[in-house]
Amino acid sequence: MMQSPEGEVVVVTGGSGFLGQHIVKQILEQGEFLVREVRTFDLKPFHWCPELQVVKPGATLSHVQGDLLALDEIRKVCRDATVVIHTAGYIDVSPIPDAELLRASNIQGSENVLQACIDNNIEYLIYTSTVDVVIGQEPIESGTETTLGIPQHHHFGLYATTKYEAEKLVLKANNLILQNGKRLQTCALRPTPVYGEADSYNSGVLQQCSKYGTMVRMGNKVSRYQCTYAGNVAWAHILAIKELMKPSTEELVSGQAFFVTDDTPIGKISDFFTPFVIGVGAKMSTFTVPYWFLYILATLVEIVAWLLQPFLRLKLFFTTTTVSYVHGVYYFSYEGAHRCLGYEPLYTYDEAVERSLAFYRRECGIL
């Protein structure tokens, strides 16, 4: 692998966020390639999640607060960079999503990142996609890059569609000749739902469990829910950079998309939450709420959201699509990432639970 004498400059969009901080931490700590500076770019200020903070970073860490929709801003932050990891995006799986914001953030924002790479002769661009780009109405069992295509109708609607359009944009730009005569090399990573330190969604669920002492069981005998620890998703990004920089393996990696999972057990959503619910001092209910009841309840929530839309736009996560998703069968294999990136989970499941619980317990006010 070729390295500059000074080391690489890496830009991480969305670096203030959940997955972004895990990626930044691993770049600063792992030493898989020589890094001189890491620049984060985000709408939000950068504040370390305490459990992720790097005490003695091996490179300069700087943050630029800005908007991906402002091309001049992202073009400026990418100046002199070698690698861009584009993890910024907007998630909205509501039945009535903010379509304009989704398209602007996920598609226009990615177009601007790509243009900034071209304008600055950046050779390596990694895009953080999602398994949602391949999830339609059919169940997925141990899905791989070669067995799954893009569905005609995405299960998660416009959100998944905009993520796929952005992924397609980035991968299509692979092998683009830059002004300096070198080639832009790109790849995309598709993680399953992610958990771990700095996770705001699951921590919110667990805070409610800790407050009321119980989490209601959900899922049925056939449902298969799959999550991945954020530290392992971040590790896949590090390996993607490393492999793209290797001339001997670039053809296996560049222009490709890879599913990222780990050894977190696949099962009912309640099985996933059980160690965390217990860890925050709560317990799982002795009964399971049936699918039909949750679906009816979610339908009523959506009706209320629709009625309120002229006055108030609600960003919902409890919807008919999420209810059917957690009761469905959707799980994937990381065989492609293993073969092409050399990916193996950096953290075992037990380590992932231990590290995540330290964060979730603090968020729940448990010392």
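The residues of the chain are indexed from 1 along the displayed sequence.
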*Identify the residue among Y291, F293, W292 that makes a ring pair (Phe, Tyr, Trp, His ring centres under 6.0 Å) with Y295.*
Y291
*asked:* What verdict does the side-chain contact (heavy atoms from CB on, under 4.5 Å) test give for D92 and F156, after you've listed the backbone C-alpha separation in whole Å, the side-chain angles of each residue and the deciding distance to 0.1 Å?
replied: CA-CA 9 Å; D92 188 349; F156 285 108; over 6 Å; no
*Check against side-chain contact (heavy atoms from CB on, under 4.5 Å), V24 and W48*: CA-CA 10 Å; V24 170; W48 278 117; 3.8 Å; yes
*Using atom types as modelled and distance alone, determine if a side-chain donor or acceptor of H338 lies under 3.5 Å from a backbone N or O of Y334.*
no
*Give a yes or no on whether the backbone of G219 and the side-chain of S223 come within a donor-acceptor separation of less than 3.5 Å.*
no
*Nearest 0.5 Å please: distance from the NE2 atom of H63 over to the CZ atom of F41.*
8.5 Å
*Side-chain heavy atoms under 4.5 angstrom apart, residues restricted to Ile, Leu, Val, Met, Phe, Trp, Tyr: same cluster for L169 and L244?*
no
*Would you check if the side chain of N121 reaches a backbone N or O of L178 as a donor-acceptor pair within less than 3.5 Å?*
no
*Would W306 and I96 satisfy side-chain contact (heavy atoms from CB on, under 4.5 Å), going step by step from the backbone distance to the final call?*
CA-CA 7 Å; W306 182 79; I96 312 171; 3.4 Å; yes
*Measure from the ring center of Y195 to the ring center of F272 and say whether it is less than 6.0 Å.*
yes
*For residues 133-143, pull every pair meeting side chain to side chain donor-acceptor pair (under 3.5 Å), keeping only residues two or more places apart or in separate chains.*
none
*Minimal non-hydrogen separation, V280 against S210, with atom names*: O-OG, 3.5 Å
*asked:* To the closest 0.5 Å, what do you measure between CD1 (I140) and OG (S333)?
replied: 12.5 Å
*Run the salt bridge (charged side-chain N to carboxylate O under 4.0 Å, His left out) check on R190 and E145 step by step: do they pass?*
CA-CA 10 Å; R190 298 168 172 172; E145 297 80 8; over 6 Å; no
*Heavy atoms, side chains only, cut-off 4.5 Å: are V260 and N232 in contact?*
no
*Measure the shortest side-chain to side-chain distance between T147 and T144 over non-hydrogen atoms and say whether it is less than 4.5 angstrom.*
yes
_Are Y360 and F276 an aromatic pair, judged by ring center distance below 6.0 Å?_
yes
*With the threshold set at 4.0 Å, does a side-chain nitrogen-carboxylate oxygen contact exist between K163 and E167?*
no
*Check I23 against I238 and note the closest heavy-atom contact, atom names and distance.*
O-CD1, 4.2 Å
_When you group the ILVMFWY residues by side-chain heavy-atom contacts below 4.5 Å and let the links chain together, are V113 and L102 in the same group?_
no
*To the nearest 0.5 Å, how far apart are CD1 in I122 and CG in N180?*
11.0 Å
*Run through V233, L346, T348, T228 and flag the one making a side-chain contact (heavy atoms from CB on, under 4.5 Å) with D262.*
T228
*What closest approach, in Å, do V11 and C78 show between heavy atoms, and which atom pair accounts for it?*
CG2-CA, 4.1 Å
_All side-chain contact (heavy atoms from CB on, under 4.5 Å) counterparts of V277, not counting sequence neighbours_ = L206, C209, M215, F273, A282, M284
_Min side-chain heavy-atom separation V10-V12 under 4.5 Å_ = yes
*Check whether any side-chain heavy atom of D199 sits under 4.5 Å from a side-chain heavy atom of V194, and report yes or no.*
no
_Do Y347 and E354 pair up side chain to side chain, a donor and an acceptor below 3.5 Å, judged on atom types alone?_
no
*Without hydrogens or angle criteria, can the side chains of S16 and Q21 be said to hold a donor-acceptor pair below 3.5 Å?*
no
*Are R103 and E165 within salt-bridge range, i.e. N to O under 4.0 Å?*
no
_I'd like to check V131 versus F259 (side-chain heavy atoms, cut-off strictly below 4.5 Å). Are they in contact?_
yes
*So, H86 versus S110: side-chain donor-acceptor pair below 3.5 Å or not?*
yes
*Are any non-hydrogen side-chain atoms of V64 and E73 less than 4.5 angstrom apart?*
no
*Just by distance, with hydrogens left out, do T320 and E302 show a side-chain donor and acceptor under 3.5 Å apart?*
yes
_Same apolar cluster (I L V M F W Y, side chains within < 4.5 Å links), L252/Y343_ = yes
*Inter- and intrachain pairs under ring-ring contact (aromatic ring centres under 6.0 Å, His included), touching residues 200-219, at least two apart*: Y201-F317
*Would T322 and T319 count as having a side-chain donor-acceptor pair, cut-off 3.5 Å?*
yes
*Distance-only, no hydrogens or angles: does the T192 side chain make a donor-acceptor pair with backbone N or O of T261 under 3.5 Å?*
no
*Any link between Y330 and I91 through a network of hydrophobic side chains (Ile, Leu, Val, Met, Phe, Trp, Tyr) touching at under 4.5 Å?*
yes
_Using modelled atom types and a 3.5 Å cut-off, is there a donor and acceptor pairing between side-chain atoms of N120 and backbone atoms of R75?_
yes
*asked:* Is it the case that the side chain of H22 and the backbone of E197 share a donor-acceptor pair, with hydrogens and angles ignored and the cut-off at 3.5 Å?
replied: yes
_Short N-O contact, R355 and E351, less than 4.0 angstrom_ = no
_Over 60° means perpendicular and under 30° means parallel, so tell me whether Y325 and H155 are parallel, tilted or perpendicular._
tilted
*Out of curiosity, E344 CD to L239 CG, how far, rounded to the nearest 0.5 Å?*
10.0 Å
_Gap between atom CZ of R79 and atom CZ of R39 - 0.5 Å precision_ = 9.0 Å
*Same apolar cluster: I266 and V329, side chain cutoff 4.5 Å*: yes
*Indicate whether any N or O donor in one side chain lies under 3.5 Å from an N or O acceptor in the other, for E37 and T60.*
no
*Taking only Lys NZ, Arg NE, NH1 and NH2, and the carboxylate oxygens of Asp or Glu, determine whether K246 and E243 approach each other closer than 4.0 Å.*
yes
*At their closest point, which heavy atom of V35 faces which heavy atom of A59, and how far apart are they?*
O-CB, 3.4 Å
*Over all heavy atoms of both residues, which pair between V170 and C187 is shortest? Give the atoms and the distance, please.*
CG1-O, 4.5 Å
*Is S203 reaching over with its side chain to a backbone N or O of E363, donor-acceptor style, under 3.5 angstrom?*
no
*Residue pair P50 / F359, side-chain heavy-atom distance below 4.5 Å*: no
*Rounded to the nearest 0.5 Å, what separation is found between the CG atom of N106 and the OG1 atom of T130?*
10.5 Å
*asked:* Is the ring pair H154/Y164 parallel, tilted or perpendicular, if the boundaries are 30 and 60 degrees?
replied: tilted
*Just do the side-chain contact (heavy atoms from CB on, under 4.5 Å) check on H237 and L189 with the steps written out, would you?*
CA-CA 8 Å; H237 284 73; L189 300 179; 3.5 Å; yes
*asked:* Quick check: closest heavy atoms across G255 and L171, and the distance to 0.1 Å?
replied: C-CD2, 3.8 Å
*Any side-chain heavy-atom pair from F318 and L297 closer than 4.5 angstrom?*
yes
